2 protein chains.
Amino acid sequence: MNKTIADIAQMAGVAKSTVSRFLNGGSVSENTRQKIERIIKQYNYVPNTFARSLKAKKTSIIGTVVPRLDSYATSQTLMGIDEELRQLHYQMLIANTSQDMQREIDAIYDFARQKVSGIILLAAEITDAHLKAIEDIQIPVLLVGQQHESLHSLIHHDDQAGYVMGKHVIEQGHRDIVYLGVSEKDQAVGIHRKRGFQRAIAECNDCNVRYYETSFKMSEAVVTAENILGKNMPTLIVAATDNIAMGVMKTAFSRSISIPQQLSVTGFGDYDITEMIHPTLTTVKYHYSQAGKLAAGHISQLVEGQSVRLKTILDVELISRESVDKL
Amino acid sequence: MNKTIADIAQMAGVAKSTVSRFLNGGSVSENTRQKIERIIKQYNYVPNTFARSLKAKKTSIIGTVVPRLDSYATSQTLMGIDEELRQLHYQMLIANTSQDMQREIDAIYDFARQKVSGIILLAAEITDAHLKAIEDIQIPVLLVGQQHESLHSLIHHDDQAGYVMGKHVIEQGHRDIVYLGVSEKDQAVGIHRKRGFQRAIAECNDCNVRYYETSFKMSEAVVTAENILGKNMPTLIVAATDNIAMGVMKTAFSRSISIPQQLSVTGFGDYDITEMIHPTLTTVKYHYSQAGKLAAGHISQLVEGQSVRLKTILDVELISRESVDKL
DNA sequence: CTGAAAGCGCTTACAG
DNA sequence: CTGAAAGCGCTTACAG
C-alpha cells in the first residue's frame, strides 16, 4: 500500500502541512527537515499526482499536438522536445491528430481539461478555430514549424531554405526547372519555402520555371512526376520535400531516366534516408531535433512566466550531394 | 469558470450523488435523467479528471512505452494503438526511452504512479528488472513485438517470416547466401527471425550460408556490408531488417555492384520506403498498424478484467519485388 | 518555523 | 430511485 502524506507526517512526528511545505520547498527547520527526509526515503514515498493537481489546479505536463507520427520531421522534433523536457522535469504528453483539423482543436481543449501547463503545437495551418481554442484555454501555447503574428512560435527559416536552394541550382547551370510544391494552405512549406525559391529565381535572367503542386505523400508525388516527365522534361526538379523528391526519383528510375545525368532532383529536409539512397540527394538540412529542444525550453519559460521572444527562427543549411548535375 | 458537479446538481435540483450516478451509468429515473442531461449540455460540463481519479484510484489512460520514436515499426504501431484506443475511449500516453533500458523500467513505475489502467510495452528485451517492475505495479501489461512465457504478448510471426524468406530465396536459385542479422539480445529479430530462416536452409542440400551481425542502424549496416562485399561476394544477402537492407544497397551502389544482377538483397518489415527505392525491395510485410489496433483491444480487455489469450501471433506476408534475381 | 482546519471535485457505501 | 455524509491525498491561508 502506498503511503500518504498523513502517514509520513505521523511517522516524522509533524503535521501534514509541514511535510507538504517541505515537499514544495517551503521553509522548514533543519531538524524536522532531516526527519521528514529520512522517512520519505525509507518508505519511498511519492506524492499522489491527482491529489496535488486537484488542489493546485496545475500539473507539470506539457502537451504536444502533432499532425502525424510517421514523419521524419515529427519524430525528430518530438525526440528533441522529450529529451529537453525531461531535463526540465516536465512530462510530455503526445496527441496525434492524424491530420484531422477538428481533432487538433479537440486536442487543445482536451489538454486544457487535463490541466497541462503548456502546449506545443505542430500544425500545418492556423485557423480561426485554433486561435479561438488557444484564446479560450488560457494556457501558454508555442507553435513549432509555423508562425502566427499573435502567437509564440519557433520556425525553420523556410524562406532562406528556398532561396539557397534556388541559388544553388542556378549556380549549377540549370535554367529549365520545375518546382514541385504543395498547397499554400501549408504556410511554411507551401508559401515561404516557395517564396524563397522565387526570390532566387528573380535574380536569374534566363531561368524558365514551371510550377506544379502535389501532396506530401510519396505515392502522389510519383503520379505528379509521371505527368511532368511525360511532357517536355526540365533539367532539374526542385521538390518541396525530401519525400516528394524520392517520389520523383522513383518515377525517373521506372522510366529509365538516369539521375543526375538526364535529370537532377533536389529536396528539403535532409531525412536520414536521403543520404542512403542512390544517388544521394541534394537537399536543405532542417534542425528538427534542435527545434524540439528549443521548443521545450521556450514553453517551460512561458509556463514559468518568463518572457520569450515572439518568434525564433532556426537557420537551415544546404547539403549538396550527388543528385544534381553540373551543367 | 468551470462548473463542478455541485453546480450541476444544484441547477438540476438534485444531489451531487445523483449527478455522479448519472455520469457513471447508474440507475436514474427518466425524469431526473433528462433534467441533468439538459444542464450538462447547456453548460458544457466535463468532470474533473483529477478529482475522479483521486477518488476512483484509476484512470482511463493506457501508457505505451517505446524504445524510440524514429522507427517505421514504432510509429505505425503507435498509430494503430492510438486509433483503436480512441474508439474504446481510452487515452494513450507515450513514454519514449531512447533505447535506454533503465528508462524503460522507470517509465513502467512512472506510469504506475500516474495510475494508468494498463501498459503496452514495446521492448526489445525482457529482463528480470522488467519482470520485477511489472510484478510490482499490479497493473495489466501487454508486450508487443516480443514475448515472454509469463506475460501477455502480441507478436509478429518472426519465425515464419524467416522461413518464407529462406524458402523464397532458395526457390529463386540462390545457394551462396549471407544472412546479415542482429544481436540475439533482441529475441524477435535476433533469434526467431534467424531461426526461421535457418529452418528453411536446413531443407536445402547445397546451400552455403555465412552469418554476420550488425546493428539496427543503417550507417553501421553500410560498414558491415563493406566488409562482406570486399571478400568473396555471395549471390544474395538476407538482411534482418529493411533498414539494414538499405544499408547494404547503399554499399553496393557505391561499389558499382548492380542489384539484382550482381547481388540480390532482401529485407524484413516492408517499410513504405522499400517500395519507392530502386530497385524495389523484396521483403516480408509486418502488419504493424494492425498489431497496434489489436494491442489496444487486448489491453482494454485486460483492464476490464476479461480474459485474453496469453499469446497472439500475427501472420506475415512475403512481398516479392525487384531486388532478387532469379538464377 | 509549525499546526489545525478547510477545501479542491469527485465517488461510494449507507439509509431511506 | 435518491440524498447526506464521509473521504480520496493533497495544498493553502491563517494563527500562533
Side-chain angles (χ1 to χ4, degrees), chain A residues 1-40 43-61 91 110 112-117 138-139, chain B residues 1-40 43-61 89 91 110 112-117 138-139 304:
Chain A
M1 216 49 239
N2 280 327
K3 297 278 174 247
T4 72
I5 198 171
D7 300 328
I8 302 298
Q10 196 193 337
M11 297 174 130
V14 299
K16 289 192 302 175
S17 37
T18 305
V19 177
S20 174
R21 222 174 297 116
F22 165 81
L23 251 22
N24 296 289
S27 48
V28 192
S29 77
E30 186 52 29
N31 195 20
T32 59
R33 162 200 187 68
Q34 287 187 355
K35 279 190 296 187
I36 296 176
E37 225 158 22
R38 200 168 50 73
I39 303 284
I40 287 185
Y43 290 93
N44 223 302
Y45 166 72
V46 193
N48 178 310
T49 327
F50 298 124
R52 181 171 269 186
S53 303
L54 173 58
K55 193 64 190 150
K57 305 206 167 207
K58 52 169 268 203
T59 62
S60 56
I61 299 175
Q91 244 210 0
D110 282 348
R113 195 169 305 137
Q114 288 175 70
K115 311 274 187 295
V116 301
S117 296
Q138 298 278 37
I139 290 174
Chain B
M1 218 45 240
N2 280 327
K3 296 278 176 248
T4 73
I5 199 171
D7 300 329
I8 303 297
Q10 196 194 338
M11 296 172 131
V14 297
K16 288 192 303 175
S17 37
T18 305
V19 177
S20 175
R21 222 174 298 116
F22 165 81
L23 251 22
N24 295 290
S27 49
V28 194
S29 78
E30 185 52 30
N31 195 19
T32 59
R33 163 199 187 69
Q34 287 188 356
K35 279 190 299 187
I36 296 176
E37 224 159 24
R38 199 168 49 73
I39 303 284
I40 286 185
Y43 290 93
N44 224 301
Y45 166 73
V46 193
N48 177 310
T49 327
F50 299 124
R52 180 172 269 186
S53 303
L54 174 58
K55 192 64 191 149
K57 303 206 167 209
K58 52 170 272 204
T59 61
S60 55
I61 299 176
H89 298 103
Q91 243 209 1
D110 282 347
R113 197 169 303 137
Q114 287 175 72
K115 310 276 188 292
V116 301
S117 296
Q138 298 278 36
I139 290 174
E304 284 151 24

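Predicted, not measured: the structure shown is a model, and the values here were computed from it. All values below were derived from every heavy atom in this structure, side-chain atoms included, with hydrogens, water molecules and symmetry-related copies excluded. Below, read A as the first sequence line, B as the second, and so on, with proteins coming before strands; counting in each chain starts at 1.
Base contact: A/S17 has a heavy atom under 4.0 Å from a base atom. A/F22 comes within contact range of no nucleotide atom at all, as no heavy-atom separation falls under 4.0 Å. Using a 4.0 Å heavy-atom distance criterion, B/T4 is classed as a sugar-phosphate-only contact. Heavy atoms of B/S53 sit nowhere under 4.0 angstrom from any nucleic acid atom.
Out of D/dG9, C/dC10, C/dG3, the shortest distance to the side chain of A/A15 is found at C/dG3. Distances were taken from every side-chain heavy atom of A/V14 (C-beta onward) to each of C/dA6, C/dC1, C/dG3; the shortest belongs to C/dG3.
Distance A/Q34 CD to C/dC1 P: 15 Å, rounded to the nearest Å. Taking atom CZ of A/R21 as the reference point, atom P of C/dT2 lies 7 Å away to the nearest angstrom. We find that CG of A/L54 is positioned 12 Å from P of D/dT12, with the value rounded to whole Å. In this structure, B/E30 places its CD atom 11 Å from P of D/dT2, rounding to the nearest Å. Taking atom NZ on A/K35 and atom P on C/dG3, their separation rounds to 8 Å, with Å as the unit. In this structure, A/I36 atom CD1 and C/dC1 atom P are separated by 12 Å, rounded to whole Å. Regarding A/N48, its CG atom lies at a distance of 16 Å from the P atom of C/dC10, rounded to whole Å. For the pair A/I5 CD1 and D/dC8 P, the computed distance is 14 Å after rounding to whole Å.
Judged by closest nucleotide on DNA chain D, B/R33 is the one of B/R33 and B/K55 placed further toward the 5' end.
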Exercise for review: Report the C-alpha separation of B/K35 and B/T32 in whole Å, then their side-chain angles, then the decisive distance to 0.1 Å, and conclude whether the side chain to side chain contact (heavy atoms under 4.5 Å, CB included) test is met.
Suggested key: CA-CA 5 Å; B/K35 279 190 299 187; B/T32 59; 4.3 Å; yes
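OP1 or OP2 of D/dT2 sits under 4.0 Å from a side-chain N or O of B/S29.
D/dC1 and C/dG16 make up a base pair, with Watson-Crick or G-U wobble contacts both under 3.5 Å.
The side chain to side chain contact (heavy atoms under 4.5 Å, CB included) test with A/V19 is passed by exactly one of A/I39, A/N24, A/V14: A/V14.
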